[in-house]
Structures are given as C-alpha cells and as structure tokens.
Protein chains: 2
Amino acid sequence: MVYNEFKKIVNISKEDISGQILEQNRASIKVKKEKKVIENLIKIIDATLDICSKKSFQSMSIRDLSAASGLSRGALYSYFTNKEELLILLLTQGRQIVYQVLTEQISTVTSPHEKLKIAIKSHIYLSEAMDTWFYFNYIEARNLPKNEQKNAIESELETEKIFIDIIEEGIAEGVFKDENVVLLSSTLKAILQDWYLKRWKYRSRKTSVDEYADFVIKIMESILLIG
Amino acid sequence: MVYNEFKKIVNISKEDISGQILEQNRASIKVKKEKKVIENLIKIIDATLDICSKKSFQSMSIRDLSAASGLSRGALYSYFTNKEELLILLLTQGRQIVYQVLTEQISTVTSPHEKLKIAIKSHIYLSEAMDTWFYFNYIEARNLPKNEQKNAIESELETEKIFIDIIEEGIAEGVFKDENVVLLSSTLKAILQDWYLKRWKYRSRKTSVDEYADFVIKIMESILLIG
DNA sequence: GTCTATACATAGATAGAC
DNA sequence: GTCTATCTATGTATAGAC
C-alpha cells in the first residue's frame, strides 16, 4: 500500500465528520436544520484549523473566526456555547477519527509483522491526509481544562497500546526479538508524530510520505526482526 | 557517565544565565544596578517557566507574572519593553545554552561511536536538568513573529546537524552502516525531544533518565553498528 | 527602582432587530 | 437562522507618586 491508495480507502469526508459532531453535540447546537448545521460546521472547522496552523487557538479571536468562516460572531454561538467548548469538540472528534481508522486498518491483517507495517503506514498516511487536524490536536491538547486533559492522555496511551500489543504478539510468536516493548512503542510513537509536527522540515527536504513510512518500517525491522 | 555526574559537570547556575541575558539585552533593561537585575531576572524567568509549564505564554497575563514573580506590573516593564520581547529573550537564551553544552561535551571525545553516545546522553541529561526550559522552548517557538521563527528553525537544524556529522564520520571510518543519515538524525532528534515533551508519561511509568538514555543508545547501535 | 492608578485596546458573550 | 450593536471583563502598557 502507498499513500495514493490509502487516500481512496480512507475517504474521510468532511460531511461525515460534521455529522458525527452533530450527533454528539445536539445539546449545544441551537440550529435545527441538519443541512444548515453540517454546512456551517464544515466552515467553522476549516476556518479554525486553518487559522490555528498559523497561530494558537488562544490567539484566534472569535472575530478572526467570524471573518474566516463567513459567519457572524452571533451566529457562531449557535454552534457552540463558548470558545472552550469548540476546542473540546474539535479535539474529541479528532481523537475518535484516528482511533477508528487505525483499528479498522489493522483488523485487515493477522501476522504481527504485517500488522506492524500496516499500523505504521496507516498512522503516517492518516496524519498526512489530515495534517492540520493532527497538528492542532497535538499542540492544543495542553490548553484543555484539567478534566478534559485526562481524555487526551488516555488517547495517547490508547494508540501506544496498539503498538505494544502488536509487538508483544510478535515476541510471543517468536518473530520479534524480546525488546523493552513499552519504551520501544513510545519511541515509535514519537517518530510517527514527528511527521506532522515538523511538516515544514520534511517538506523543505522533499521527503515524501512514502519514503518516510518505509524508513520508519525499516528501522523498526532492524530493531525487532531476528537474524 | 550517568545523570548524577552530568548534573555536577554542567553546573548551569541561574546567575550565569541571567548574566548572559543582561549582557545581550542591555538596551531594553532599564534598571542600572547589575545585582538587582540578576536577582529580578531570576524571579521573572522562574515565574514564567513555572506558569508556562501549566498554560501557554499567551494565556499568561502580565498580572499572572507580576503575582508569581513578586514584582509589580510596572516594575516588570523595566526588564523588557513588551511581552513579546520577553518571549524572544527566553527562547533565544534557551537555544544558546543547549548548543553550548552539547558542542562542549562532544569535544571531549574523538571516536564517532563515543561521540554519538555522549551526544545522546548530554541531550537527554540536559533536557532533564532543565525540563521546564526545554518544554517552553519547544512549545512556544511557534508563537514567535515570523522573523524570529527563522532563528528557531535554524537552531533545530543546527542540533540535528551535530548528529548528522557524527554519523557521517562513523560511516566514513567504516564503523557505522551506510544508512539514510539525514532521516536517521531526524528521528533520533524526535526521540530525544519526546523525553521532555512527554515527561508526564515517563514519570508515571517510573522510567529513569538513565534508563531512557541507555535505551536510545541501544536502538541507535542496533541500527548503525556493523555485525 | 518600584509601586499604584489608570488609559486604552481587544477579547468573549448576549440581546434584540431583521 | 443570522446579523448588528453593545455590555463587561481582561489584557497590555504607561505616567507619575514614592
């Protein structure tokens, strides 16, 4: 699998995401016509992620968001009760998508070695297809209120757990070396995150997403494979 | 070398850092008595890093900083001309310290293999000794004005270059395998940064700084060493 | 050198017209 | 459903007393 194939398989349409948000936030969305909601949520999300790829969510004023989304300040407050809730909503949704896609992709194969390769590729390709989203999620998580931060932390550990499980399975089956699994998964996650955190660097060096994915797989293999 | 030894060697006293800041910012510091300046700069830096380990520099108001540092809002403006300049000052200083210590430590050995080990340990130990500083530097770099961001980017590439040079030297000498040096250095940097970016995770797992350093060295060896 | 008081700007949020 | 007008809070920065 290469990136161009992945993009077709995981066709995360904006309508789908907005629909999911609507489902889970009926309480705070005051507008009744579903079509309108979907339409405007897309505008709001696009504008937010766009602005926040250049400055922080904090520094983005409701006035900025109004200008970029095309909705008035008053209208915006029909879609969320306050600015912080908009942040929570976006981060929660982002995490869900990542977990959904990752587990779905892995379920298509059985051997640990194949699973590891698919998991690495899926993570990198997904973060490439939704780069502003991933970046936003990582950077802004710390600005959540304490109780919501717990969810962000759990989510980090949850994706890490996916890798831990795969590697342990491989060790049990005798195809992987018996390494420090938790530390190794943790560093693997750091490497995967680097792809979207330092997008500017890889872009300027013309490192393609496929090249990066292949490289990560190769170094994991050189650490884990026996022989 | 283990962490406890490193801490003694690299005795980065707060007075030294404040002194360096004073040297380089005489223009914007209005207070004349050097002793006073050093004393209050330490208060300001400590308070800023402390607050910013919990929320963003943006969200930290001058009122917050005044309360935490013990200086009045008016007095604070005797040490910097505006809030953004305080940010620039802190980030610039932080970068200088890292580069100074890293290059100094590496210069003590000659073989590429030893150099690589020392560079990895120095980076991790330094980020441990100055964890709030490192965290602040990474997270807040993006909130600089465009022209200052250039410096932050150059600095990221500069530390990466240290690793690139060591690995290339090792390949030339025939002790390291001929890998994709730039990509490998880049992922190594990501792993090193993870130590201070996810401090909460490693702390909760009781991973010691020495254990982490040894692990990173081990995986780099398993990728690079021949045989 | 440091403080208090305050000017001035900009933010988030709401009410009521359309 | 959406907009405009506006209230209120909070922020940065400065001036002048001590």
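Only this structure's heavy atoms are used, side chains among them; waters, hydrogens and symmetry mates stay out.
- Comment: B/D131 engages B/R203 in a salt bridge, judged by a side-chain N to carboxylate O separation of less than 4.0 angstrom.
- Counting to the nearest Å, the P atom of D/dG11 and the CZ atom of B/F57 are 14 Å from each other.
- Between the CD1 atom in A/I118 and the OG atom in A/S107 there is a gap of 10.0 Å [rounded to 0.5 Å].
- We find that A/K121 and A/D210 are not joined by a salt bridge, their nearest charged nitrogen and carboxylate oxygen being 4.0 Å or further apart.
- Contacts of A/Y79 with the nucleic acid, taken as non-hydrogen atoms under 4.0 Å apart, involve only primed sugar atoms and P, OP1 or OP2.
- At most 12 non-hydrogen atoms from other residues, nucleotides or ligands lie less than 6.0 angstrom from NZ of A/K150.
- Aromatic ring orientation, B/F57 versus B/F136: perpendicular (interplanar angle above 60°, classes split at 30° and 60°).
- A/E160 and B/K201 are joined by a salt bridge, as a carboxylate oxygen and a charged side-chain nitrogen come within less than 4.0 angstrom of each other.
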Atom pairs, N/O to N/O, protein against nucleotides 6-10 of chain D, distance under 3.5 Å?
| unit_1 | atom_1 | unit_2 | atom_2 | d |
| --- | --- | --- | --- | --- |
| D/dT6 | O4 | A/R73 | NH1 | 3.2 |

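- The span of DNA chain C lying next to chain A, judged by atoms under 4.0 Å from heavy atoms, is bounded 5' to 3' by C/dA11 to C/dT14.
- By the 30° and 60° cut-offs, the orientation of the rings of B/Y196 relative to B/H123 is parallel.
- Non-hydrogen atoms lying under 4.0 Å from DNA chain C are contributed by nothing in residues 18-35 of chain A.
- A salt bridge links B/E34 with B/R26: the distance from a Lys NZ or Arg NE/NH1/NH2 to an Asp or Glu carboxylate oxygen falls below 4.0 Å.
- Atom OH in B/Y77 sits about 13 Å away from atom P in D/dA15, given to the nearest Å.
- A salt bridge does not link A/E158 to A/K189: none of the charged side-chain nitrogens sits closer than 4.0 Å to a carboxylate oxygen.
- Atom NZ in B/K83 sits roughly 13 Å away from atom C1' in D/dA13 (whole-Å rounding).
- Using a 4.5 Å cut-off on side-chain heavy atoms (C-beta onward), B/L126 and B/I12 make contact.
- Ionic pairing of A/E128 and A/K7 is not present here: no N-O contact between side-chain nitrogen and carboxylate oxygen is shorter than 4.0 angstrom.
- For the pair A/L71 CG and D/dT4 P, the computed distance is 12 Å after rounding to whole Å.
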